[in-house]
Amino acid sequence: GYVYPDTNYFDDQEFFSESILNYKLYKIKFWIFKQDCLETVGGIQMFYKERRTGEVVSPGVFKGDKETNQLDKELVLEPTEYITDYHVGIGNQVSWLEFVTSKKRIFRVGGTEGEEKITRLKEKNVIILAGFGGFRDTLHNFGVYFIKKQQYYTVLFSGIFYLRHVLKKDEQFKKNTLDKLSTYEKDYQALVKICLLPDISFVAVMRYALF
């Protein structure tokens with residue numbers, strides 16, 4: 001997009017004190033600015049779910065304060081669904097946004113006219129993690145952080161093996177984890193139970209998950 005003297009910047013990744021990979025993009029809200037029968041993206045807010053506890057957090061609302069800005073749509077991702085691609089139509093500001101998910105859903109918000117150029121994600125086989133951009137009365141520009149799927153699964157599975165190692169070697173950590181297990185997100189509860197399986201069963205589960 002474009003940068004103007006009055007552009008306010010936002011960067012969701014800076015919100016997280018720990019790795020962004022500990023959070024999953026959960027939902028995106030959009031505000032639409034309508035003028036003379038044309039629509040542009042007036043604002044955006046992204047929500048993230050902490051993988052262990054299921055707590056939903058958001059860095060904030062990034063939109064202009066005009067009354068004509070109105071909440072139009074929201075994209076809610078399923079637990080195993082990720083955004084894998086996005087397209088941006090740009091005029092003097094962001095005219096429209098389009099997201100493609102791992103379940104082949106196409107979600108579009110904004111207008112259809114006034115675009116001077118269209119930006120597409122050049123990388124393939126990726127998972128989009130977070131967003132950044134600039135706004136004032138409307139969204140001036142927008143971009144994303146992403147990771148290659150292969151790198152993502154490498155990090156994810158290395159974390160599982162490390163958790164299993166700590167649970168087996170540190171009895172106090174194991175006790176504290178099990179005491180609090182019912183307070184965690186169901187996905188994390190299942191992960192802990194998998195990590196506590198005997199070696200043969202654990203290897204079988206990992207082989208099934210990987211292949």
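What you are looking at is a predicted structure, and each value in this text was computed from that prediction instead of being measured.
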Do [Y] and [X] have ring centroids that are under 6.0 Å from one another?
X	Y	value
Tyr48	Phe15	no
Phe107	Phe30	yes
Phe161	Phe202	yes

How many angstroms lie between [atom1] in [X] and [atom2] in [Y], if you round to the nearest 0.5 Å?
X	Y	atom1	atom2	answer
Ile28	Ser58	CD1	OG	10.5 Å
Lys193	Leu167	NZ	CG	13.5 Å
Leu25	Phe99	CG	CZ	8.5 Å
Ile147	Leu21	CD1	CG	5.0 Å
Leu196	Leu191	CG	CG	9.5 Å
Cys195	Leu163	SG	CG	4.0 Å

Please determine whether residues [X] and [Y] belong to a single hydrophobic cluster, defined as Ile, Leu, Val, Met, Phe, Trp and Tyr linked transitively by side-chain heavy-atom distances below 4.5 Å.
X	Y	value
Tyr26	Tyr152	no
Val88	Tyr4	yes
Leu197	Leu178	yes
Tyr23	Phe47	no

So do the side chains of [X] and [Y] get within less than 4.5 Å of each other, counting heavy atoms only?
X	Y	result
Leu75	Ile83	yes
Trp96	Glu39	no
Asp6	His140	yes
Leu129	Gln13	no
Lys174	Asp170	no

- Note on the structure: In Phe146, Tyr9, Phe62, Tyr145, the residue satisfying ring pair (Phe, Tyr, Trp, His ring centres under 6.0 Å) with Phe132 is Tyr145
Give the minimum heavy-atom separation between [X] and [Y], together with the two atoms involved.
X	Y	answer
Pro59	Met46	CD-O, 3.4 Å
Arg164	Ile194	NH1-O, 4.2 Å
Thr7	Gly134	CG2-CA, 3.6 Å
Glu81	Val76	OE1-O, 4.3 Å
Gln189	Tyr184	NE2-O, 2.8 Å
Ser102	Thr80	OG-O, 4.0 Å

- Message: Taking atom NZ as the centre, does Lys103 end up with more than 12 heavy-atom neighbours from other residues, nucleotides or ligands that are less than 6.0 angstrom away?
- Response: yes
- Task: Can you establish whether the number of heavy atoms outside Phe173 located under 6.0 Å from its atom CZ is more than 12?
- Result: yes
Using only atom types and a distance under 3.5 Å, with no angle test, would you say the side chain of [X] pairs donor to acceptor with the backbone of [Y]?
X	Y	result
Glu50	Thr53	yes
Gln93	Val41	no
Asn125	Lys149	no
Lys24	Tyr82	no

- Query: Using the ring of each side chain (for Trp, its six-membered ring), is Phe135 parallel, tilted or perpendicular to Phe10, with breaks at 30° and 60°?
  - Reply: tilted
- Query: Testing Val94, Leu139, Thr138 for side-chain contact (heavy atoms from CB on, under 4.5 Å) with Thr40, which one passes?
  - Reply: Thr138
- Message: Between Lys49 and Leu77, is the side chain to side chain contact (heavy atoms under 4.5 Å, CB included) condition met? List the steps.
- Response: CA-CA 11 Å; Lys49 183 175 286 191; Leu77 297 170; over 6 Å; no
- Message: Salt bridge check, Lys175 against Asp179: does any charged N sit closer than 4.0 Å to a carboxylate O?
- Response: yes
